[in-house]
Amino acid sequence: MFATLLVIGFVAFLLNRERILKYAVAKVIKKVETKYPAKLQIGNAQFVDLNTVLVTNIALQPIDQPKLLQIDTVEATVSFRSLFLGRMVFKQFDMANGSITAFKQDSTDNFSFLYRKKASDEPADTTAEKPNYGTLLNRLIETAFENVPDGVNFRDLGIVFKSDGRLIDMQLPTMVMEDGEIDARMTITTEAVTNTMFVKGLIDPDEYLLSAKMYGDGKSAGIEVPYIEQKFGATMRFDTLSLSITDKEYKNNQLTIKGESSAYGLVLNHPKIADENVTVQNGAMKYKITLGDHYYALEPESEVRINKAVFYPQLTYETRPNRKIGIKIDSPEIPANDLFASMPPGLFDTFQGVKATGSFKYHMNFYVDMAQVDSLRFESDLDATNFNITDFGPNDLRKLNQEFTHSVYEKGKVVRTFQVGPSNPNFTPYNQIPDHLKYAIMTAEDPRFLTHKGFHDGAFRHSLITNIKENSFVRGGSTISMQLVKNAFLTRKKTITRKVEEALIVWIIENLRLTPKERMYEVYLNIIEWGPNVYGVKEAARFYFSKEPSELTFEESLFLASIVPKPKQYRTYFNSYGELRAYPRYFFKLISGNMLKRGLISPSEHASVSPYVNLNGRAGSFIIPKPDTTTQVADTMEMLAPIDLLDF
């Protein structure tokens with residue numbers, strides 16, 4: 001009886017399947033048009049065999065807007081159960097001659113109706129909390145994976161997106177997915193870039209597994225990423241790019257995604273990153289990302305590899321009840337040669353060709369609660385084991401020990417070149433520079449210069465706190481060692497990586513003791529800028545006071561120390577009577593007081609300090625008298641030089 005009923009039911013389905021199909025199609029059309037302000041057109045739908053449906057002339061057109069979707073034919077194997085439920089769940093999906101044309105002009109478009117909520121007569125709830133992006137993304141991923149057919153065959157699919165004068169045109173001649181394996185060829189064209197690429201991948205909906213590899217056709221210099229030049233002023237291209245999702249877990253309103261990505265032949269250019277192309281031959285990342293309710297994290301299991309160097313990054317970002325940001329970076333023991341060989345050309349050019357023994361290990365920890373910025377934590381430690389440089393390559397970090405040619409850069413261009421050594425008549429040896437000038441600059445710029453190894457953690461932490469509070473880069477944290485390296489080894493361009501390169505050069509010079517402190521300070525005082533085209537202590541003494549350095553008074557030394565951070569602004573230090581304004585007078589008092597505390601001057605010298613200097617040199621002719629409108633002495637912690645006397 002059961003078998004008989006089954007046969008009867010099957011025969012009944014065969015006799016009525018066209019009617020069931022039309023019912024399912026009508027229900028789909030009604031559902032779409034009820035949910036969206038659009039018209040869905042399905043020209044014809046019919047069975048071509050037992051469970052294969054041929055659908056022709058499919059179109060989706062928003063009300064009062066151009067057509068979004070047009071497909072000539074879709075041949076699909078459908079689930080019987082889905083038909084009875086008024087749905088169409090496809091097992092095999094073959095599509096030919098399709099086009100998607102999306103456009104956006106100002107506030108008008110033909111696609112946002114798909115995700116925009118319908119207008120409501122109810123007033124908007126301005127107190128509603130922002131959505132949980134973990135929940136939203138989890139819903140999107142599950143919906144996408146649940147509707148993946150067993151097989152797909154796309155032929156001649158075109159996708160065009162026009163947005164405020166910009167155009168993206170993607171042509172997909174073929175895309176085949178069989179047993180979870182993806183094989184596609186596509187051409188993507190923007191206004192200035194055309195890329196032809198191949199895509200191979202794997203998808204497993206049951207395990208939430210997705211992987212894809214994109215690579216070029218071998219006829220061009222890699223695949224160029226479009227639009228980032230217009231958007232960010234950068235260019236990027238790669239030979240091969242791989243992306244994957246290997247696991248997904250949704251628990252306690254938090255979504256955790258694991259995956260991997262890698263790039264070969266990656267070339268990046270941006271003026272804020274480096275002066276020239278940055279090339280990463282082989283880079284990869286394993287990631288574990290968590291998204292929750294006002295919480296986002298790159299978890300500890302994450303790993304970044306740049307060529308042979310490996311790092312373990314951790315990031316946390318909380319938005320409620322107040323913003324909190326945490327960054328940690330650790331590394332295993334990295335052989336020194338692997339680290340130097342892994343530094344991308346264009347990014348750390350000073351270290352290209354360096355050979356060394358030993359190994360490095362790095363740790364960095366940063367955390368700030370924006371409601372309690374003063375409690376900011378920052379620590380950065382680079383430890384080395386048996387480290388020594390056997391070959392410095394083309395950039396010898398020992399050059400400070402002998403006479404060398406120094407070039408001054410302004411906006412990336414060389415504006416002046418001179419010798420640093422006895423052959424230059426303007427070079428002043430260390431023992432001919434007056435002590436009160438050396439001590440005044442050291443007290444203001446870096447009181448621990450003679451004892452630290454290139455870094456002042458307290459000053460750097462304090463500069464971070466100030467910059468965050470001001471929401472701008474208003475303070476540095478540079479020691480004299482760092483200022484020297486910046487001037488002697490690097491251009492003056494403010495790139496993200498230059499600061500890292502600067503710190504590593506300082507670490508090597510200081511920890512390997514390549515140059516004595518006295519010589520470092522001698523070079524520093526002979527190359528730093530002291531005014532318009534004024535470099536070194538002898539030129540400064542003559543420009544401001546028509547004197548030799550050894551003839552400078554204590555007050556003149558204090559003045560020269562006060563302008564080191566911003567030497568070209570010395571003209572603003574004087575009022576209409578030629579007298580020092582409030583800030584430099586306060587600087588004189590503060591610096592001389594701290595020099596007294598350190599035993600660098602006597603009580604009588606401190607007591608006799610005069611808040612007056614006479615610019616007898618050429619500098620005096622450039623002073624523009626203006627009334628002194630200063631009513632208060634500025635906060636010294638904001639006004640003084642980078643180190644800002646944190647030792648006192």
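Since this is a predicted model, take the numbers as computed values, not measurements.
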K.L.:
State, yes or no, whether a side-chain contact exists between E75 and V53 at a heavy-atom distance under 4.5 Å.
P.N.:
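Side chain of E75 against side chain of V53, heavy atoms only: no contact under 4.5 Å found.
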K.L.:
Within the structure provided, determine whether Y312 and P332 are in side-chain contact (heavy-atom separation under 4.5 Å).
P.N.:
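Yes, side chains in contact.
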K.L.:
Answer yes or no: is there a donor N or O on one side and an acceptor on the other, between the side chain of D106 and the main chain of T108, under 3.5 Å?
P.N.:
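Answer holds: no.
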K.L.:
Please report the interatomic distance CD1(I325) to OG1(T316), rounded to the nearest 0.5 Å.
P.N.:
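Spacing of CD1 (I325) from OG1 (T316) equals 8.5 Å.
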K.L.:
Quick one: side chains of residues 54-74, donor-acceptor pairs under 3.5 Å with protein atoms, not counting sequence neighbours, listed by atom name and distance.
P.N.:
| residue | atom | partner | partner atom | Å |
| --- | --- | --- | --- | --- |
| N57 | OD1 | Q41 | NE2 | 3.4 |
| N57 | OD1 | Q70 | NE2 | 3.2 |
| Q61 | NE2 | Q65 | O | 3.2 |
| K67 | NZ | Q70 | OE1 | 2.9 |
| Q70 | NE2 | I58 | O | 3.4 |

K.L.:
For T466 and S463, indicate whether the former's side chain and the latter's backbone hold a donor-acceptor pair under 3.5 Å.
P.N.:
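Absent.
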K.L.:
Mark yes or no for whether T101, through its side chain, and V160, through its backbone, hold a donor-acceptor pair below 3.5 Å.
P.N.:
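Not confirmed, T101 side chain does not pair with V160 backbone.
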K.L.:
Taking all non-hydrogen atoms of both residues, which atom of I223 and which atom of G216 are closest, and how far apart?
P.N.:
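Smallest interatomic distance, heavy atoms only, reads CD1-N, 3.5 Å.
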K.L.:
Does atom CD of Q314 have more than 12 heavy-atom neighbours from other groups under 6.0 Å away?
P.N.:
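Result for CD/Q314: enclosed.
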K.L.:
Can T135 and N138 be counted as having a side-chain donor-acceptor contact under 3.5 angstrom?
P.N.:
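Judged by distance alone, the side chains do not pair up.
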K.L.:
In Å, rounded to the nearest 0.5 Å, how long is the span from OH of Y208 to CD1 of I245?
P.N.:
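It comes to 11.5 Å.
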K.L.:
So, taking the atom named OG1 in T256 and the one named CD1 in I289, what distance separates them when rounded to the nearest 0.5 Å?
P.N.:
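These two atoms lie 10.0 Å from each other.
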K.L.:
Does NZ belonging to K288 count more than 12 external heavy atoms closer than 6.0 Å?
P.N.:
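Counting other residues, nucleotides and ligands, NZ of K288 exceeds 12 neighbours.
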K.L.:
Verify side chain to side chain contact (heavy atoms under 4.5 Å, CB included) between I29 and I42, making sure each step is shown before the conclusion.
P.N.:
CA-CA 8 Å; I29 292 174; I42 298 179; 4.2 Å; yes
K.L.:
Quick one, F366 and S380 - any side-chain contact, counting heavy atoms below 4.5 Å?
P.N.:
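SC-SC contact between F366 and S380 ruled out.
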K.L.:
Rounded to the nearest 0.5 Å, what separates atom NZ in K104 from atom OG in S112?
P.N.:
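It is 9.0 Å, given to the nearest 0.5 Å.
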K.L.:
Can E502 and K499 be counted as an ion pair, charged N to O under 4.0 angstrom?
P.N.:
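Judged by the 4.0 Å cut-off on N to carboxylate O distance, E502 and K499 do form a salt bridge.
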K.L.:
Are T187 and Q171 linked by a side-chain donor-acceptor pair shorter than 3.5 Å?
P.N.:
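Absent: no donor and acceptor within the cut-off.
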K.L.:
Step through the shown structure and confirm whether more than 12 heavy atoms of other residues, nucleotides or ligands are within 6.0 Å of NZ on K324.
P.N.:
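Counting other residues, nucleotides and ligands, NZ of K324 exceeds 12 neighbours.
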K.L.:
Can you measure from CG (L464) to CZ (R377) and round to the nearest 0.5 angstrom?
P.N.:
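So the CG of L464 and the CZ of R377 are separated by 13.5 Å.
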K.L.:
How close do G222 and N195 get, heavy atom to heavy atom, and via which atoms?
P.N.:
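Closest approach of G222 to N195, heavy atoms only: O-OD1, 4.2 Å.
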K.L.:
Less than 4.0 Å between a side-chain N and a carboxylate O, is that true for E142 and K248?
P.N.:
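Looking at K248 and E142, the cut-off is met.
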K.L.:
Checking side-chain polar atoms at under 3.5 Å, does T319 have a donor or acceptor matched by the opposite partner on Y295?
P.N.:
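No, no side-chain donor-acceptor contact under 3.5 Å.
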K.L.:
Can you list the residues that meet the side-chain hydrogen bond (donor to acceptor under 3.5 Å, both in side chains) rule with N322, with sequence neighbours excluded?
P.N.:
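Testing N322 for side-chain hydrogen bond (donor to acceptor under 3.5 Å, both in side chains), a comparison that skips the adjacent residues, returns D369.
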K.L.:
Can you list the steps and then say if N253 with D293 is a side chain to side chain contact (heavy atoms under 4.5 Å, CB included)?
P.N.:
CA-CA 7 Å; N253 292 326; D293 190 13; 5.6 Å; no
K.L.:
Counting only pairs under 3.5 Å, give me each side-chain donor-acceptor contact of residues 234-243, with atom names and distances, residues two or more places apart or in other chains.
P.N.:
| residue | atom | partner | partner atom | Å |
| --- | --- | --- | --- | --- |
| R237 | NE | A221 | O | 3.4 |

K.L.:
Looking only at heavy atoms, which two atoms of D183 and K200 are closest? And how far apart?
P.N.:
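D183 and K200 have their closest heavy atoms at OD2-NZ, 3.1 Å.
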K.L.:
Are any non-hydrogen side-chain atoms of K328 and M364 less than 4.5 angstrom apart?
P.N.:
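Sidechains of M364 and K328: no contact.
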K.L.:
What are the two closest non-hydrogen atoms of I203 and F145, and how far apart are they?
P.N.:
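In this case the closest contact between I203 and F145 is CG1-CE2, 3.9 Å.
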K.L.:
Looking only at atom types and distance, does a side-chain atom of S342 sit under 3.5 Å from a main-chain N or O of D338, one as donor and one as acceptor?
P.N.:
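At least one qualifying donor-acceptor pair exists.
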K.L.:
Enter the distance from Q254:CD to E249:CD here, rounded to the nearest 0.5 Å.
P.N.:
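Between atom CD of Q254 and atom CD of E249 there are 10.0 Å.
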K.L.:
Are side-chain heavy atoms of D169 and I188 found at a separation under 4.5 Å?
P.N.:
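They are not in side-chain contact.
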K.L.:
Donor-acceptor pairs are to be reported for all side-chain atoms of residues 259-271 against protein atoms at under 3.5 Å, with residues two or more places apart or in another chain.
P.N.:
| residue | atom | partner | partner atom | Å |
| --- | --- | --- | --- | --- |
| N269 | ND2 | N277 | OD1 | 2.8 |
| H270 | ND1 | K272 | N | 2.9 |
| H270 | NE2 | F232 | O | 2.7 |

K.L.:
Assess whether side chain to side chain contact (heavy atoms under 4.5 Å, CB included) is satisfied between Q352 and M343, documenting all intermediate values.
P.N.:
CA-CA 8 Å; Q352 298 303 311; M343 291 180 176; 4.3 Å; yes
K.L.:
Heavy-atom distance under 4.5 Å between the side chains of R305 and K286, does that happen here?
P.N.:
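Answer no - side chains too far apart.
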K.L.:
Who pairs with R139 by side-chain hydrogen bond (donor to acceptor under 3.5 Å, both in side chains), at least two apart in sequence or on another chain?
P.N.:
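If we apply the side-chain hydrogen bond (donor to acceptor under 3.5 Å, both in side chains) test to R139, skipping adjacent residues, there are no hits.
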K.L.:
For E301 and K258, indicate whether the former's side chain and the latter's backbone hold a donor-acceptor pair under 3.5 Å.
P.N.:
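Checked: no pair found.
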K.L.:
Kindly indicate whether the side chain of T279, heavy atoms from C-beta on, has any atom under 4.5 Å from the side chain of P344.
P.N.:
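SC-SC contact between T279 and P344 ruled out.
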K.L.:
Decide yes or no on side chain to side chain contact (heavy atoms under 4.5 Å, CB included) for Y287 and E299, but give the supporting numbers first.
P.N.:
CA-CA 7 Å; Y287 61 86; E299 302 288 1; over 6 Å; no
K.L.:
Quick check: closest heavy atoms across V310 and I334, and the distance to 0.1 Å?
P.N.:
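Shortest heavy-atom contact: O-CD1, 3.6 Å.
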K.L.:
In terms of the angle between their ring planes, are Y215 and F198 parallel, tilted or perpendicular, with boundaries placed at 30° and 60°?
P.N.:
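Parallel, since the angle between the ring planes stays under 30°.
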K.L.:
Is there a side-chain contact between F111 and F103 (heavy atoms, below 4.5 Å)?
P.N.:
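Side-chain contact under 4.5 Å: no.
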K.L.:
Identify, with sequence neighbours excluded, every residue that meets side-chain contact (heavy atoms from CB on, under 4.5 Å) alongside L172.
P.N.:
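In terms of side-chain contact (heavy atoms from CB on, under 4.5 Å), with neighbours along the sequence ignored, L172 is linked to F154, L157, M175, A184, M186.
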K.L.:
So which atom in Y367 and which in G326 form the shortest heavy-atom distance, rounded to 0.1 Å?
P.N.:
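Heavy atoms of Y367 and G326 come nearest at CD1-CA, 4.0 Å.
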K.L.:
Under 3.5 Å, is there a donor-acceptor pair between the side chain of N282 and the main chain of N307?
P.N.:
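Pair absent, no side-chain N/O of N282 close to backbone of N307.
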K.L.:
If we ignore hydrogens and angles and just use 3.5 Å, is the side chain of S375 paired with the main-chain N or O of Q372 as donor and acceptor?
P.N.:
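Side chain of S375 to backbone of Q372: a pair is present.
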